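Worksheet: the structure to be examined is printed underneath.
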2 protein chains.
Amino acid sequence: MVRKTKEEAGVTRCHIIEAARRVFLECGVGRTSLEKIAAAAGVTRGAVYWHFKNKTELFFAMREEAVLPFLDRVVFDSADDDPLGGIERAIHEIIRILIDQPRTRETFDILTFKCEYVDEFSPMVACTEGQLDFLDRLTDAYGRARERGQLRLPADPQALAYDTFLFIGGLIRHWLAATADQPFRVDAEAFIRTHIALRRA
Amino acid sequence: MVRKTKEEAGVTRCHIIEAARRVFLECGVGRTSLEKIAAAAGVTRGAVYWHFKNKTELFFAMREEAVLPFLDRVVFDSADDDPLGGIERAIHEIIRILIDQPRTRETFDILTFKCEYVDEFSPMVACTEGQLDFLDRLTDAYGRARERGQLRLPADPQALAYDTFLFIGGLIRHWLAATADQPFRVDAEAFIRTHIALRRA
DNA sequence: GTTTATACAAACATGAATGTATGTAAATAG
DNA sequence: CTATTTACATACATTCATGTTTGTATAAAC
């Protein structure tokens with residue numbers, strides 16, 4: 001047993017989180033044992049219990065890693081000359097992130113399909129603060145689009161934001177569930193264009 | 001040990017399915033043991049194993065009971081004078097079903113939040129045949145709406161159907177996740193009206 | 001340079017869930 | 001009326017996962 005330096009221990013911790021993500025994705029959170037995670041990370045359960053209190057804590061550590069950078073990347077520029085186009089670009093950006101960030105995609109996949117929202121996980125079903133914040137910023141963006149006369153009337157920014165929010169929720173879910181050759185992946189960009197075209201003046 | 005008549009056995013079977021639904025909803029499918037279900041149904045595991053091969057089979061039996069009647073109730077009348085209104089009414093009907101059919105609502109809740117789509121459950125992530133059929137009928141309805149000049153242009157029925165399909169998916173999910181006093185429940189009807197208004201000529 | 005805390009591996013104890021096998025009283029078939 | 005199946009309850013065997021405890025080599029603190 002060669003004791004690791006502090007830096008090496010950090011690496012081990014990362015390996016465990018990566019392994020957890022892979023196993024969660026394959027087995028589902030409920031059917032994932034810490035033994036499976038440890039094996040996938042090339043360590044023993046001892047290492048896992050050293051870095052994390054239990055599976056739940058490990059799960060939330062994994063989630064944090066992917067969700068926070070995600071929200072940072074989807075932004076609406078309030079000084080944008082073309083707010084409606086900005087909304088469209090933001091939605092395209094969401095799909096782009098799912099395509100080229102495997103960790104984010106896998107984490108969303110786990111959160112959407114491989115996790116049961118009961119007991120310690122049940123608080124997660126409600127809209128997160130991040131989601132509500134997103135809704136607010138979306139409403140603002142539609143407000144600016146209306147000021148610029150980009151929207152066909154009647155155009156209540158709040159109502160439009162909710163419609164778009166629900167659209168995005170459905171889109172992410174079906175995009176994740178689809179295989180690479182199915183409509184929800186192939187035509188996602190077209191769906192986004194249609195969605196925005198419906199509200200353009 | 002009083003042996004039951006064939007009819008009584010059928011009742012027992014129903015009780016087990018009802019109990020399973022309740023426990024699935026509370027504990028999640030993965031954390032639900034057959035012992036819990038049996039206790040909730042007032043029988044022993046022996047009875048459960050007599051009527052069902054295992055938890056998976058019981059789960060699918062429960063699902064079937066709720067999903068089939070649901071699809072039957074959401075229909076588009078192809079002879080409707082007002083196809084676009086028909087689409088709107090169909091979406092309202094979905095929410096109506098969730099409100100006044102607890103079994104359907106609870107089953108959808110389980111399917112959406114209390115079940116991990118791995119192994120024997122993974123086929124369920126893909127769009128079901130029922131959903132694809134719904135999409136087709138939705139496309140047809142939009143086609144008829146276009147013929148009647150109800151849609152603002154450009155109006156590709158297929159594209160509109162997908163946008164509505166994604167909207168409905170998001171709506172159901174957030175409606176289920178919300179508490180009775182939150183926007184996604186309180187304003188669901190308004191969201192539906194907005195969604196349809198966006199495509200009206 | 002000694003002490004102490006760290007980063008694990010290995011062993012242990014416990015509990016829970018599963019599937020199966022067996023028992024049985026009464027319904028039902030003949 | 002007897003034989004057989006049905007509809008369960010009960011008991012058993014086995015497998016896993018969990019959390020904790022102990023051991024230990026070494027990095028780091030002093």
Side-chain angles (χ1 to χ4, degrees), chain A residues 1-62 110 114-116 118-121, chain B residues 1-62 110 114-116 118-121:
Chain A
M1 184 61 278
V2 188
R3 167 164 178 203
K4 309 289 182 59
T5 166
K6 196 165 282 188
E7 198 184 352
E8 289 171 320
V11 172
T12 300
R13 196 190 125 100
C14 284
H15 284 340
I16 293 173
I17 290 182
E18 293 293 308
R21 197 195 322 282
R22 292 200 306 274
V23 184
F24 284 154
L25 189 65
E26 196 198 325
C27 308
V29 176
R31 293 183 180 184
T32 293
S33 66
L34 293 184
E35 174 61 38
K36 281 181 188 168
I37 293 175
V43 296
T44 66
R45 269 172 50 240
V48 178
Y49 274 107
W50 172 256
H51 287 283
F52 306 95
K53 191 185 159 205
N54 52 33
K55 191 166 75 178
T56 302
E57 202 182 287
L58 173 50
F59 173 85
F60 282 105
M62 180 213 69
I110 293 165
K114 277 79 187 283
C115 172
E116 297 179 1
V118 291
D119 303 333
E120 65 269 34
F121 300 106
Chain B
M1 182 63 277
V2 189
R3 161 155 185 213
K4 309 292 183 56
T5 166
K6 194 167 282 188
E7 199 184 352
E8 289 171 320
V11 172
T12 301
R13 197 189 123 100
C14 284
H15 284 341
I16 292 172
I17 291 182
E18 293 293 308
R21 196 194 324 281
R22 291 200 305 274
V23 184
F24 284 153
L25 189 65
E26 195 198 326
C27 307
V29 177
R31 293 183 180 184
T32 293
S33 67
L34 292 186
E35 173 61 37
K36 281 181 189 168
I37 293 175
V43 296
T44 66
R45 268 171 51 236
V48 178
Y49 275 107
W50 172 256
H51 287 283
F52 307 95
K53 191 184 158 203
N54 51 34
K55 192 166 75 179
T56 302
E57 202 182 285
L58 173 51
F59 172 86
F60 282 105
M62 179 213 70
I110 293 165
K114 276 67 186 285
C115 172
E116 298 180 2
V118 291
D119 302 332
E120 66 269 35
F121 300 105

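On a predicted model such as this, the values are computed, not experimentally measured, just so you know.
- Here H51(B) reaches the OP1 or OP2 of dC8(D): one of its side-chain N or O atoms lies under 4.0 Å away.
- To the nearest 0.5 Å, atom OG1 of residue T32(B) and atom CZ of residue F59(B) are 10.5 Å apart.
- With sequence neighbours left out, R31(B) forms a salt bridge (Lys or Arg N to Asp or Glu O under 4.0 Å) with D119(A), E120(A).
- Under the side chain to side chain contact (heavy atoms under 4.5 Å, CB included) criterion, E57(A) pairs with F52(A), K53(A), N54(A), not counting sequence neighbours.
- Across the protein-nucleic acid pair, R13(B) atom CZ and dA7(D) atom C1' stand 14 Å apart, rounded to whole Å.
- Contacts between residues 17-27 of chain B and DNA chain D, defined by a heavy-atom separation under 4.0 Å, are absent.
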Under 3.5 Å, side-chain donor or acceptor atoms of residues 39-49 of chain A against the rest of the protein: list the pairs with distances, not counting sequence neighbours.
from: T44(A); atom 1: OG1; to: G46(A); atom 2: N; distance (Å): 3.3

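- Contact between the side-chain N/O atoms of T12(B) and the OP1/OP2 oxygens of dA7(D) is not found at any separation under 4.0 Å.
- Residue A47(A) places its side chain closer to dA9(C) than to any other of dC8(D), dA9(D), dA9(C).
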Protein and nucleotides 17-20 of chain C: nitrogen or oxygen contacts under 3.5 angstrom:
from: dT18(C); atom 1: OP2; to: L34(B); atom 2: N; distance (Å): 3.2
from: dG19(C); atom 1: OP2; to: Y49(B); atom 2: OH; distance (Å): 2.4
from: dG19(C); atom 1: N7; to: R45(B); atom 2: NH2; distance (Å): 2.5
from: dG19(C); atom 1: O6; to: R45(B); atom 2: NH2; distance (Å): 2.8

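- Here the straight-line distance linking atom CZ of F24(B) with atom CD of E116(A) works out to 9.5 Å at 0.5 Å rounding.
- Note: I37(A) CD1 to E35(A) CD = 10.5 Å, rounded to the nearest 0.5 Å.
- Listed by chain and number, the residues in a ring-ring contact (aromatic ring centres under 6.0 Å, His included) with F60(A) are F121(A) (sequence neighbours excluded).
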Distances for protein N/O vs nucleotides 28-30 of chain D N/O pairs under 3.5 angstrom?
from: dA28(D); atom 1: OP1; to: T5(A); atom 2: OG1; distance (Å): 2.9

Practice item. Take V11(A) and K4(A) through the side chain to side chain contact (heavy atoms under 4.5 Å, CB included) test and state the conclusion after the steps. Key: CA-CA 10 Å; V11(A) 172; K4(A) 309 289 182 59; over 6 Å; no
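- Atom P of nucleotide dT22(C) and atom CH2 of W50(B) are separated by 16 Å, given to the nearest angstrom.
- With contacts defined as side-chain heavy-atom distances shorter than 4.5 Å, the pair L25(B)/K114(B) qualifies.
- Under the salt bridge (Lys or Arg N to Asp or Glu O under 4.0 Å) criterion, E18(B) pairs with R21(B), R103(B), sequence neighbours left out.
- With rounding to the nearest 0.5 angstrom, the CD1 atom of I110(A) is 11.0 Å from the CZ atom of R22(A).
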